Amino acid sequence: SGSIPWFTMMVVHKKSRLLQKVDDTLGVFHTHAVAGTLGGLLTGLFAEPTLCNMFVAATNSKGAVYGGEGGSQFGKQLVGALFIIGWNLVVTTIILLAVQLFVPLRMAEEELLIGDDAAHGEEAYALWGDGEKYDQTRHGWPMDETQASHPSANGTPSRGVGFTVEL
């Protein structure tokens, strides 16, 4: 079932005009909505009767592929998924409308063009420690004067960034 959310994110999203209008950088829709709905509906199809009797208070629950009343379990899963989708739409809209009273929900186009990280004075994957832009006055040069004066173990000047601990 993990391949279907991937397919909707990598293929369907790129072909759908509606989905292309949604700013979903992290693929939250595909990761949670598609995968969650798929998991719920597949449970309604393939719920094994013996396992259902062990964990579900309602007896004789089973997936649709097991025949008989199994189709009702799929219907319950579908109704549950539609309720959650509706609930999320309503509650999220209310929350966003309330937040929008205090702060804008979207960055200005100019800030979006330079990138979220750069707009906040940070740089993604900044491996030098503090997650901010590389600043020579704070982070130094790859080899400053103090490192050049300390030879490495083989006697040549050290080229790497590091420190010495004296015991």
Side-chain angles (χ1 to χ4, degrees), residues 1-136 138-139 142 161:
S1 67
S3 60
I4 293 174
W6 178 90
F7 180 79
T8 63
M9 183 169 59
M10 301 305 288
V11 178
V12 175
H13 187 98
K14 293 176 182 173
K15 293 181 178 183
S16 169
R17 288 184 182 168
L18 175 66
L19 290 176
Q20 287 180 358
K21 293 179 182 179
V22 176
D23 187 9
D24 187 11
T25 307
L26 300 176
V28 174
F29 172 78
H30 308 283
T31 304
H32 297 281
V34 173
T37 303
L38 180 65
L41 294 179
L42 289 177
T43 299
L45 287 177
F46 299 113
E48 208 280 328
T50 306
L51 293 175
C52 286
N53 288 334
M54 291 171 56
F55 296 105
V56 179
T59 58
N60 297 325
S61 293
K62 57 185 170 183
V65 298
Y66 292 98
E69 298 288 322
S72 67
Q73 183 62 39
F74 181 79
K76 292 174 187 176
Q77 297 294 116
L78 181 62
V79 168
L82 292 174
F83 174 80
I84 294 299
I85 290 168
W87 178 265
N88 283 335
L89 285 171
V90 170
V91 173
T92 301
T93 300
I94 292 169
I95 291 170
L96 290 176
L97 289 173
V99 169
Q100 190 175 24
L101 295 173
F102 302 100
V103 295
L105 294 177
R106 186 167 170 88
M107 296 173 74
E109 285 299 320
E110 299 80 33
E111 291 176 328
L112 288 173
L113 289 175
I114 65 169
D116 185 9
D117 294 338
H120 295 289
E122 297 179 353
E123 195 169 317
Y125 309 107
L127 301 178
W128 42 82
D130 55 12
E132 295 180 357
K133 283 186 178 179
Y134 186 77
D135 181 3
Q136 295 170 354
R138 292 181 61 202
H139 302 103
V161 176

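Since the model is a prediction, treat every value here as computed from it, not as a measurement.
When side chains are defined from C-beta on, Asp24 does not count as touching Met9, because their heavy atoms never get closer than 4.5 Å. Taking the side chain as every heavy atom from C-beta outward, Val103 and Val99 approach each other to under 4.5 Å.
Residues Ser16 and Leu19 come closest through the heavy atom pair OG-N, 3.2 Å. When all heavy atoms of Gln20 and Lys15 are compared, the closest pair comes out as NE2-N, 4.0 Å. Closest approach of Lys14 to Met10, counting heavy atoms only: CD-O, 3.1 Å. Residues Val34 and Pro5 approach most closely at CG1-CA, 4.0 Å, considering heavy atoms. Residues Ala64 and Phe74 approach most closely at CB-CB, 4.4 Å, considering heavy atoms.
Atom CG in Leu96 sits 11.0 Å away from atom CG in Leu101 (nearest 0.5 Å). The distance from the CZ atom of Phe46 to the CG atom of Leu41 is 11.0 Å, given to the nearest 0.5 Å. Separation of atoms CG (Leu42) and OG1 (Thr37) is listed at 10.5 Å; rounding is to 0.5 Å.
Checking side-chain atoms of Gln77 against main-chain N and O of Gly40 turns up a donor-acceptor pair under 3.5 Å. In this structure a side-chain-to-backbone donor-acceptor pair under 3.5 Å is present from Thr31 to Gly27.
Just one of Leu97, Ile95, Val91 meets the side-chain contact (heavy atoms from CB on, under 4.5 Å) condition when paired with Thr93; it is Leu97.
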